[in-house]
Number of protein chains: 2
Amino acid sequence: MPDAADPAAMNARRKFRREGEERRRQDLIEATLDSVAEHGLQGATLRTIALRAGVTAGLIRHYFPGKEELLQEAYTALVGRMTEQAKAALVMEDASPRRRLAAFVTANLNAPIIDTRVFSLWATFIGRAGADSTLARAHREGYLGFRNEVEAVVAEVLAAERRKTDAGELRHHAIAINAIIDGLWIEGCLAGEMFSPGELAAIGIKAVEAELGLAPLEQFQEK
Amino acid sequence: MPDAADPAAMNARRKFRREGEERRRQDLIEATLDSVAEHGLQGATLRTIALRAGVTAGLIRHYFPGKEELLQEAYTALVGRMTEQAKAALVMEDASPRRRLAAFVTANLNAPIIDTRVFSLWATFIGRAGADSTLARAHREGYLGFRNEVEAVVAEVLAAERRKTDAGELRHHAIAINAIIDGLWIEGCLAGEMFSPGELAAIGIKAVEAELGLAPLEQFQEK
DNA sequence: AGGCTATTTATACACTTGCACAACAAGGCC
DNA sequence: GGCCTTGTTGTGCAAGTGTATAAATAGCCT
């Protein structure tokens, strides 16, 4: 414990540890996302971010050319994490296409994807996409990746039902299903307490199955 | 034309006009929304806003207690305008419920509701809703008003089809349809050039009708 | 152990920000 | 026309911003 009356202790330089480059960059990006989620882009100052990362502000310039590049990398990391999580629900190799689609919808409408912090981050960054082409591209890539994934599962589901569909129809289904998931995701993030657990997922599955013209699975039928 | 070499002209005070209170407040709010849409919350400084409104920064304090209150009023005005426009498509008194629902979906998936500027504003503000309870309340009110409107039309449509539905089912339909419109709205705002004119509205109408289990109207059926 | 180097801290700087306040003048009122 | 209210301008200020850069030290190499 430094003695406030001791001039030498007052001038003492802060102790520090040298971390690996990758680790430091990761920590700084995480601190940036936390700052943006809590106080918005205006509150995410270099000093706030550095404080949260446990370093001093000057260090940021050692890893990033400037604040803008740090924010862009943070957003890219966020989008990557979001789409990765979302698509993770699709890797059930053994299940039927319909079950995989249902699991996909369910996963996207529950924690950890329904999350106010992630939503705040998404909204804050996407609001700047119209003005910042770097952010716009990062979003576009994540979005198209997600929609292609949807389209692939839909194709499998319809094939399993022996329904022939042309490419345009398939695309429309994917767009609509993507919209259903996005819309319910927003509702869940913004007003999660208005819905009972699992309710959003149930609504989502029903809406998706209606869109595809699928009869409800037997175990989900009532009476 | 002031002479730059003339000291008296250099010190000349700027000419101004006294505007009505309501007019000035309106102008300031509009300038605020423009600033936020263009440069985000960080770029919306008092000086930028004042410049856009054609006044000097000091005047803002004469109409608003501080910057935060100005932003809150601006967001309230935005939400009000959005829901008002969205609901305006429902006032076709004479049309059938189904036609009114279709017109509602169409109106919400075309200009001026599909608009990158409005979307940027919405995203920027909503990203702060998690931290600012005033913004959160403004959003909640607009959202619930919108969803109630949807629920009312859905009830009319189902009644016209002589289908009995309980309250819970009705609520689920409204939530799903709301999500479909929101999701497609976002897609249209963020990547409007990926869709041909009217395509989003067509997708939306089909998805909504599928959700409600309605057979396509005759003139929309193919072959 | 001792030196080297890259990581990290600390300080400085020019600039912007929101806010406070005094000076000013526009326009209604008599 | 002259005055008075108050809408409006201009200036000042302390706090905070991103960036630049010098000074220090942690930890590897030999």
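Each chain gets a letter, A, B and so on, in the order the sequences are listed, and its residues count up from 1. Because the structure is a prediction, the values reported are computed rather than measured.
Judged purely by atom type and a 3.5 angstrom limit, A/T48 has no side-chain atom pairing as donor or acceptor with the backbone of A/A44.
Spacing between atom CG of A/L59 and atom C1' of D/dA23 amounts to 15 Å, rounded to whole angstrom units.
Side-chain nitrogen and oxygen atoms of B/R24 include at least one within less than 4.0 Å of the OP1 or OP2 phosphate oxygen of D/dT8. OP1 or OP2 of C/dT8 lies within a sub-4.0 Å distance of a side-chain N or O belonging to A/Y63. Of the side-chain N and O atoms in A/H62, one or more sit less than 4.0 angstrom from OP1 or OP2 of C/dT7. Between B/T56 and D/dT8 there is no side-chain N or O to OP1 or OP2 distance below 4.0 Å. Remark: A/R61 is not in phosphate contact with D/dT21, judged by side-chain N or O atoms under 4.0 Å from OP1 or OP2.
Note on B/E21: nothing from the nucleic acid sits closer than 4.0 angstrom, heavy atoms only.
One cannot find a donor-acceptor pair under 3.5 Å joining the base of D/dG16 and the side-chain atoms of A/R47. The base of D/dT9 sits within donor-acceptor range of the side chain of B/R13, with an N or O pair under 3.5 Å.
The two residues B/F146 and B/A86 come nearest to each other via the heavy atoms CE1-CB, 3.5 Å.
Between D/dG7, D/dG18, D/dG27, one nucleotide has an atom nearer to the side chain of A/L46 than all others, and that is D/dG18.
Note on ring orientation: taking the six-membered ring where Trp is involved, the planes of B/W122 and B/W185 are perpendicular (angle over 60°, cut-offs 30° and 60°).
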